[in-house]
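Notes for the one structure printed next.
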Amino acid sequence: MAKGLAVTMRHMLQKSETQQYPEVHPDLPARSRGVIALVEENCTVCMLCARECPDWCIYIDSHKETLPAPEGGRPRARNVLDRFAIDFSLCMYCGICIEVCPFDALFWSPEFEYAEYDIRDLLHEKDRLGEWAATVPPPPAHEVGAESPKELSAGSRPAAARRTAPPASARGPAEGTSLAPEAAQGTAHKATRDTAQGAERATTQDAAQDAAQDTGQDTGQGPGRDAVQDTDRETARETARRPAAEPAKGPESPPRREPPRAMRDIRSIRPPGSLPKNAGSPPQKKDGPEGER
């Protein structure tokens, strides 16, 4: 109780701030939702606002007119707005109609003095909505140092200074292209490396065979062993002199599959015992006493 009295005393001692309305109008925020204004020239009767309204408080009527055809053209029809009304007794000020309008025909106005004595008078037509369009505040300016819109910067930039597409050499491999050249380079590098290793092994084998030959002469080996060793050395040298294998052209494409053949064996698709009986085939003989009858 003491805390409550303390709050009361604190407010009693403060100076009251009274707003002298309606002589002095309050300063409303820039994005306050007072009433919905209509710019009739921008409306194309697309019916998006009426369809998206969750309260179904927007009523639109229109008719079509045929415009005179220009030279070498044909006449065209356009929609003419007859009625645009909003029932503010049903409106919940959600702003969906303003957001979905693709032609900027609806705006928020800070005007809020449209009270009526009868609830039926809150249904305002397009003439009253058009009068509120004059009270719509202009859009706020950009912040200091903010970037200009991309549309303006792109339009003011000269054509020569615009960025062009990089050359094909600078760009990476295009999407959908195979990596066969890289695979071929890897295969060629591997083949060259294998050839160099084979030549090195052949040289080492020649040195070992020469040492073995010197040792064999001391032990009394025959001339047949020397001829075999000479042949092996010549074969290894020819292998080392051969050029590197040509790079592969990429993985071979898989063999083309043959189309499925028609199934002629009916036994593979029907369960046993369900085959149709041929009229011309002789009856099968049953085993047992029934087959002897």
Side-chain angles (χ1 to χ4, degrees), residues 16-144 146-156:
S16 61
E17 296 180 1
T18 304
Q19 296 183 357
Q20 301 298 328
Y21 178 82
E23 288 79 9
V24 179
H25 290 271
D27 295 332
L28 300 176
R31 301 180 63 183
S32 59
R33 300 184 179 186
V35 71
I36 300 175
L38 170 68
V39 180
E40 185 177 352
E41 293 78 8
N42 296 346
C43 183
T44 59
V45 199
C46 62
M47 304 295 292
L48 280 177
C49 55
R51 288 198 297 263
E52 297 295 335
C53 179
D55 292 333
W56 294 85
C57 62
I58 301 178
Y59 309 97
I60 300 176
D61 293 332
S62 65
H63 70 279
K64 288 188 176 182
E65 289 184 357
T66 303
L67 299 178
E71 296 182 2
R74 59 180 181 177
R76 295 185 179 182
R78 69 168 183 176
N79 293 324
V80 179
L81 184 64
D82 293 334
R83 184 194 182 198
F84 194 104
I86 299 178
D87 191 354
F88 287 97
S89 64
L90 300 176
C91 180
M92 62 180 184
Y93 302 90
C94 62
I96 295 179
C97 57
I98 298 175
E99 296 294 335
V100 301
C101 181
F103 301 103
D104 294 335
L106 298 175
F107 296 91
W108 279 117
S109 170
E111 192 70 25
F112 61 92
E113 298 175 329
Y114 55 96
E116 302 290 345
Y117 291 101
D118 191 351
I119 192 174
R120 291 172 294 183
D121 295 335
L122 288 175
L123 179 63
H124 298 294
E125 299 292 336
K126 64 177 182 178
D127 298 335
R128 186 74 183 277
L129 300 178
E131 294 176 0
W132 285 326
T135 62
V136 175
H142 292 286
E143 297 180 358
V144 178
E147 296 181 0
S148 59
K150 295 182 179 180
E151 294 81 4
L152 298 179
S153 60
S156 60

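No hydrogens, no waters, no symmetry mates; every other heavy atom, side chains included, goes into these values. We number each residue from 1, following the sequence as shown. These numbers come from a predicted model, not from an experiment.
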To the nearest 0.5 Å, atom CD of E52 lies from atom CE of M47 at 12.0 Å
For E17, I'd like to know if atom CD has over 12 heavy atoms of other residues, nucleotides or ligands within 6.0 Å.
no
Quick one: CG on L106 to SG on C43, what's the gap to the nearest 0.5 Å?
7.5 Å
So, the side chain of R128 versus the backbone of L123: is there a donor-acceptor pair under 3.5 Å, distance only?
no
I need the minimum non-hydrogen distance between A85 and E125, along with the two atoms involved.
CB-OE1, 3.4 Å
Looking at Y59 and D87, would you say the former's side chain and the latter's main chain have a donor-acceptor pair under 3.5 Å?
no
What's the shortest heavy-atom distance between Q19 and P26, and which atoms?
OE1-CB, 4.1 Å
Of the non-hydrogen atoms in L90 and C57, which two are nearest, and what is the gap between them?
CB-CB, 3.8 Å
Measure up the F88 and H124 rings against each other and bin them: parallel (under 30°), tilted (30 to 60°), perpendicular (over 60°).
tilted
Close side-chain approach of I58 and F84, heavy atoms under 4.5 Å:
yes
So for atom CG, which belongs to L28, do other residues, nucleotides or ligands contribute more than 12 heavy atoms lying within a distance under 6.0 Å?
yes
For R120, does the CZ atom have more than 12 heavy-atom neighbours from other residues, nucleotides or ligands under 6.0 Å away?
no
Is W108 close to Y93 at the side-chain level, that is, under 4.5 Å between some pair of heavy atoms?
yes
Any chance you could measure E99, atom CD, to C101, atom SG, to the nearest 0.5 Å?
10.5 Å
Can you name the nearest heavy-atom pair linking I86 to I36, along with the distance?
CD1-CG2, 3.9 Å
Identify the two heavy atoms, one from L38 and one from K126, that lie closest to each other, and give their separation to 0.1 Å.
CD2-CB, 3.8 Å
Would a 4.5 Å heavy-atom cut-off, applied to side chains only, mark S32 and P110 as touching?
yes
Under the 3.5 angstrom rule, does the side chain of D61 hit a backbone N or O of R83 as a donor-acceptor pair?
no
Within a strict 4.5 Å, meaning less than it, do heavy atoms of the I60 and C49 side chains meet?
yes
Residues R33 and C94: closest non-hydrogen pair is NH1-O, 3.2 Å
